[in-house]
Trainee: 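The structure is given below, and queries will be raised subsequently.
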There are 2 protein chains.
Amino acid sequence: MGATKTDHFTDQQNELATLAKALGHPARVAIIEYLIKVDTCICGDIVNELPLAQPTVSQHLKELKNAGLIKGSIDGNAVCYCIDDQTWKRFHGVLNAMFTSFLEKSSTCC
Amino acid sequence: MGATKTDHFTDQQNELATLAKALGHPARVAIIEYLIKVDTCICGDIVNELPLAQPTVSQHLKELKNAGLIKGSIDGNAVCYCIDDQTWKRFHGVLNAMFTSFLEKSSTCC
DNA sequence: TTTATTCATTGCAATATTACGATGAAGTTT
DNA sequence: AAACTTCATCGTAATATTGCAATGAATAAA
């Protein structure tokens, strides 16, 4: 095996898993943090920020893009990356719902 | 390869990645959701909730435990699982910081 | 003590991920 | 045009993940 059985779970569960998985690598966390830090789009220089080779970074960017967390648009011979507002907010919403629904139930066990 | 180069990233980045990765599978999302829903610890019956075989569920529980998201304590011949308060709150905090720091910078690009 | 029950572990097969060198595509610069 | 820059893609190797049948460990129930 090695293939996830997505069929048996809800769309919500699968989407949350996809987004979380996209963040599930330190390089991709670093990319997102950097995109937030510099405020605007990044047109280049992401590779210089990471301790990884260019093809590897490109692959991580592709995965973030597939998950919907970032967008990329071509600008001359550079590419412009930025966080995808919509997905990011949805991600925030779903996670916040989980977090708060846990905090509300102050279970006294264990 | 196939091994993540954790050495080159900060501890914070690695921990966030570890936690996100733990949530990066629909079965594990479902487990966490269920743990929140039933409020108290689960002593058994997690397997019945999931469309997966018992060893597979056991493995997912182990990964959630390794990441620190849940705790498990032995209770007779059942095992009692519940969400780890501390880790959960830290996870919440780190993600919330990311989310809000993004929202503050209403970048007008792309 | 024998039999269930509950969960973990082992072992295996299939697939996915991570990383990078080499190469390609497409624009820019000289 | 020729050389350069920037990024994607291909190919490949190493490792990780996913899933389950079989088995084991440990308590509970008969």
Trainee: For D:dT17 and B:H60 - does any side-chain N or O of the residue sit under 4.0 Å from the phosphate oxygens OP1/OP2?
Mentor: no

Trainee: Does B:S58 make a side-chain N or O approach to OP1 or OP2 of C:dA8 shorter than 4.0 Å?
Mentor: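 So the side-chain polar atoms of B:S58 do come within 4.0 Å of the phosphate oxygens OP1 or OP2 of C:dA8, strictly under.
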
Trainee: Ignoring hydrogens and geometry beyond distance, is the side chain of A:N77 in donor-acceptor contact with the base of C:dT28 at under 3.5 Å?
Mentor: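 No pair found.
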
Trainee: I want to verify a distance call: between C:dA16, C:dA19, C:dA22, whose nearest atom is closest to the A:P55 side chain?
Mentor: C:dA22

Trainee: Under 4.0 Å, heavy atoms only, any strand: does A:I74 hit a base, just the sugar-phosphate, or nothing?
Mentor: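 Nothing, no nucleic acid heavy atom in range.
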
Trainee: How long is the line joining CG of A:L50 and P of C:dT18, in whole Å?
Mentor: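 Between P of C:dT18 and CG of A:L50: 14 Å.
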
Trainee: Strictly distance-based, threshold 3.5 Å: is any side-chain N or O of A:T87 a donor or acceptor partner for the main-chain N or O of A:D84?
Mentor: no

Trainee: Think B:K21 has a side-chain N or O under 4.0 angstrom from the OP1 or OP2 of D:dA16?
Mentor: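 No, no such contact exists.
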
Trainee: What is the separation between atom CG on B:N48 and atom P on C:dC7, rounded to the nearest whole Å?
Mentor: 9 Å

Trainee: Rounded to whole Å, how long is the line connecting atom CG of A:L52 with atom P of D:dA8?
Mentor: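 Result: 15 Å.
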
Trainee: Which part of the nucleic acid does B:Q54 contact within heavy-atom distance under 4.0 Å: base, sugar-phosphate only, or nothing?
Mentor: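 Since a base atom lies under 4.0 Å of B:Q54, the category is base.
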
Trainee: Round to the nearest Å and state the distance from B:I70 atom CD1 to C:dA8 atom C1'.
Mentor: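 Distance, rounded to whole Å: 13 Å.
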
Trainee: Is it the case that the side chain of A:E15 and the backbone of A:Q12 share a donor-acceptor pair, with hydrogens and angles ignored and the cut-off at 3.5 Å?
Mentor: no

Trainee: Expressed as a whole number of angstroms, how long is the span from B:N66:CG to C:dA8:C1'?
Mentor: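 One finds 13 Å between C1' of C:dA8 and CG of B:N66, rounded.
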
Trainee: Let me know the distance between CG of B:L64 and P of D:dT18, rounded to the nearest Å.
Mentor: 10 Å

Trainee: To the nearest 0.5 angstrom, please state how far the SG atom of A:C80 sits from the CD1 atom of A:I74.
Mentor: 11.0 Å

Trainee: For B:I36 versus A:S101, what's the shortest heavy-atom pair and its separation?
Mentor: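 Distance-wise, the nearest heavy atoms are CG2-OG, 3.3 Å.
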
Trainee: Rounding to a whole Å, what distance do you find between A:I31:CD1 and D:dC7:C1'?
Mentor: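 It works out to 13 Å between those atoms.
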
Trainee: Which class fits the ring pair A:H92 and B:F99: parallel under 30°, tilted 30 to 60°, perpendicular over 60°?
Mentor: parallel

Trainee: From C-beta outward on A:H25, which listed nucleotide comes closest to its side chain: C:dC7, C:dA16, C:dA19?
Mentor: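 Nearest to the side chain of A:H25 among the choices is C:dA19.
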
Trainee: Output the single nucleotide from C:dC7, C:dA19, D:dC20 whose closest atom is nearest the side chain of B:Q59.
Mentor: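 Looking only at side-chain atoms, B:Q59 lies closest to D:dC20.
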
Trainee: May I have the distance from B:D45 (atom CG) to C:dT5 (atom C1'), rounded to whole angstrom?
Mentor: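 Nearest whole value for this atom pair: 14 Å.
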
Trainee: Using a heavy-atom cut-off of under 4.0 Å over every strand shown, decide if B:L61 touches base, sugar-phosphate, or nothing.
Mentor: nothing

Trainee: Is the distance from OP1 or OP2 of C:dC20 to the nearest side-chain N or O of B:K5 less than 4.0 Å?
Mentor: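 Yes, such a contact exists.
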
Trainee: Identify which nucleotide among C:dC20, C:dT18, D:dC7 has an atom closest to any side-chain atom of A:A78, counting heavy atoms from C-beta outward.
Mentor: D:dC7

Trainee: Check this one for me: any side-chain N or O of A:T56 less than 4.0 Å away from OP1 or OP2 of C:dC20?
Mentor: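 Looking at the OP1 and OP2 atoms of C:dC20, one of them is under 4.0 Å from a side-chain N or O of A:T56.
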
Trainee: I'd like to know if the side chain of B:T18 and the backbone of B:N14 have a donor-acceptor N/O pair within less than 3.5 Å.
Mentor: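 Yes, because the side chain of B:T18 sits within donor-acceptor range (under 3.5 Å) of the backbone of B:N14.
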
